[in-house]
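Please read the structure below before turning to the comments.
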Amino acid sequence: MTVDLAPFRSHFPSLSQTHAGKPLVFFDNPGGTQVPQQVIGQMTDYLRRSVANTHGAFLTSQRTDAVIDECHAGLAALLGGEPDEIVLGANMTSLTFALSRSLAREWQAGDEIILTMLDHDANVTPWLLAAEERGVTVHFVDFNPDDCTLLMSDFERYLSPRTKLVAVGWASNAFGTINDVQTIVQQAHAVGALCFVDAVQSVPHLPCDVKALDADFVACSAYKFFGPHVGVLWAKREHLERLFAYKVRPAPETLPSRWETGTQNFEGQAGINGALEYLGGLGVGYMERYDAQLGDIFGQRAVLLAAMYAIAEAEHSLGQYLIQGLQTLKGVQLYGIVQPERGYMRVPTVAFRLAGFTPQAIAQTLGNEGICVWDGHYYALRAVERLKLLDQGGMVRVGLAHYNTRAEIDRMLTVLEAL
């Protein structure tokens, strides 16, 4: 029997909101999820009791230090890394720009990097600008427009001993496609290249093990997995120690501080602790169900993995229900993988167009009914250009989270059918 996570909706205060007398439905999750009460509570508690800068010889500063340590340890447990390999910043985009600047110091004219047409622009433009400054050649891996999956043959064709970096998304923020990042990492390393993985759209939906993946850098965003607006970068310790870090002189050389520039968002880190507390409360009830997958993993890592296995299972069922429902409507064109037997190759983010209506008009109609969806290109600029949809308003994007329900999907389908 499929996991039912509907009882956990009660942890999210925002889900009780109404619009025009109807409950609000949040299908805008790829742009940012709602937060559970644990996040609100921990952020509020920090702001009430612990506001101070770090490493002081007084109580509130020591409380701040404890929040920071808990946050790094918790994120390491979620991602499968070590606490001092976790770098926090304003957002994934800012962290990627900072890293691109450091990596580019080691590039020379004639070097090459590989990007993809499927990625969010935050995993494109930082590398493009760095390559332009250093005279480095950029190759773009294309994707199959029929199912929005990367052309691995394209990737293999571009790989060479001149390749210095491969940057790829784990899951597409536009179409939900899960890329074969394991193979991409292995092949990048085979030619001596580093690999940067944008995991912003995978971490909220799938169990993550950065050590097993063996990428050099993995970035994600806490506000996509029920936390506040904080960016997260995991990197192999050898790179964090070796690469040049742009920082002020008094900043420590120890990890991860040498990469966490300026005063950090401490209340945001408290909020992350709240998000991990919520996920832990969800996961503890599913430890036995996923005992085989957990194996000899214990502690916080095991509880968070159990939560993510449960979320992945519940969302797979919801995602397939959404796709099948959209397929019954006349005039709907879906983008991405739609075959049920290939459902494991996608997260529950679905893009579509409806004949006779612009995506903006559809989003507005749904919004008027209290159903939140995105329209446009959602920063997957090259992907939408590749499909020749940019000047047509892009697509409508519906992104599910585990707190969504089939009843909410049915409600949206009813509005679309009326159109």
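Bear in mind the structure is a predicted one, so any value in this text is a computation, not a measurement.
Heavy-atom neighbours of E132 CD from other residues, nucleotides or ligands within 6.0 Å: at or below the threshold of 12. Atom CZ of R101 is surrounded by 12 or fewer heavy atoms from other residues, nucleotides or ligands within 6.0 Å. Within a 6.0 Å radius of CZ in R162, other residues, nucleotides and ligands contribute 12 heavy atoms or fewer. Heavy atoms of other residues, nucleotides or ligands lying less than 6.0 angstrom from CD of E341 number more than 12. The neighbour count for Q360 CD, taken as heavy atoms of other residues, nucleotides or ligands under 6.0 Å away, does not exceed 12.
Remark: Y46 engages T64 in a side chain to side chain donor-acceptor pair (under 3.5 Å) (not counting sequence neighbours). The side chain to side chain donor-acceptor pair (under 3.5 Å) test applied to D375 returns no partner, not counting sequence neighbours. Remark: D142 pairs with R386 by the salt bridge (Lys or Arg N to Asp or Glu O under 4.0 Å) rule, at least two apart or across chains. Residues passing the salt bridge (Lys or Arg N to Asp or Glu O under 4.0 Å) test with R406, sequence neighbours excluded: none.
Between the Y378 side chain and the P30 main chain, no donor and acceptor come within less than 3.5 Å of each other. R411 contributes a side-chain N or O that, together with a main-chain N or O of E369, makes up a donor-acceptor pair within less than 3.5 Å. T125 places no side-chain N or O within donor-acceptor distance of the main-chain N or O of A122, the cut-off being under 3.5 Å. A donor-acceptor pair is defined here as one N or O able to donate and one able to accept, closer than 3.5 Å; no such pair exists between the side chain of D216 and the backbone of L194. Side chain of Q182 to backbone of A212: a donor-acceptor contact under 3.5 angstrom is found. Of the possible polar contacts, one joining the T328 side chain to the G325 backbone as a donor-acceptor pair under 3.5 Å is found. Counting only distance, with no hydrogens or angles, the side chain of D111 and the backbone of Q108 share a donor-acceptor pair below 3.5 Å. At distances below 3.5 Å, at least one donor-acceptor pair connects side-chain atoms of T96 with backbone N or O atoms of M92. Between the side chain of T18 and the backbone N or O of G21 there is no donor-acceptor pair closer than 3.5 Å.
The aromatic rings of F175 and F143 are tilted relative to each other, their planes meeting at an angle between 30° and 60°. Ring-plane geometry between Y290 and Y286 is classed as tilted, the angle between the planes lying from 30 to 60 degrees on a 0 to 90 degree scale.
Residues D84 and R237 are paired through a salt bridge, judged by an N-O separation under 4.0 Å between the basic side chain and the carboxylate.
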Which donor-acceptor pairs under 3.5 Å do the side chains of residues 412-419 make with protein atoms, sequence neighbours left out?
{"residue": "T414", "atom": "OG1", "partner": "D410", "partner atom": "O", "Å": "2.9"}

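Looking at Q37 and H11, their side chains never bring a donor and an acceptor atom within 3.5 Å of each other. Judged purely by distance below 3.5 Å, without hydrogens or angles, the side chains of T116 and D119 pair a donor atom with an acceptor atom.
Using a 4.5 Å cut-off on side-chain heavy atoms (C-beta onward), T177 and C148 make contact. In this structure the side chain of W259 reaches within 4.5 angstrom of the side chain of L243, judged on heavy atoms. The side-chain heavy atoms of V303 and M287, taken from C-beta on, include a pair separated by under 4.5 Å. R289 places a side-chain heavy atom less than 4.5 Å from the side chain of V3. For the pair N173/T349, no side-chain contact is recorded, criterion being any heavy-atom separation below 4.5 Å from C-beta on. Two residues are said to be in side-chain contact when any heavy atoms from C-beta on lie closer than 4.5 Å; I409 and L318 meet this criterion.
The ring of F12 has its center closer than 6.0 angstrom to the ring center of Y278.
Cation-pi geometry between R353 and Y335 is not satisfied (NZ or CZ under 6.0 Å from the ring centre, within 45° of the ring normal).
Note on residues 109-142: pairs passing ring pair (Phe, Tyr, Trp, His ring centres under 6.0 Å), not counting sequence neighbours, are H120-Y379, W127-F196, H139-Y158.
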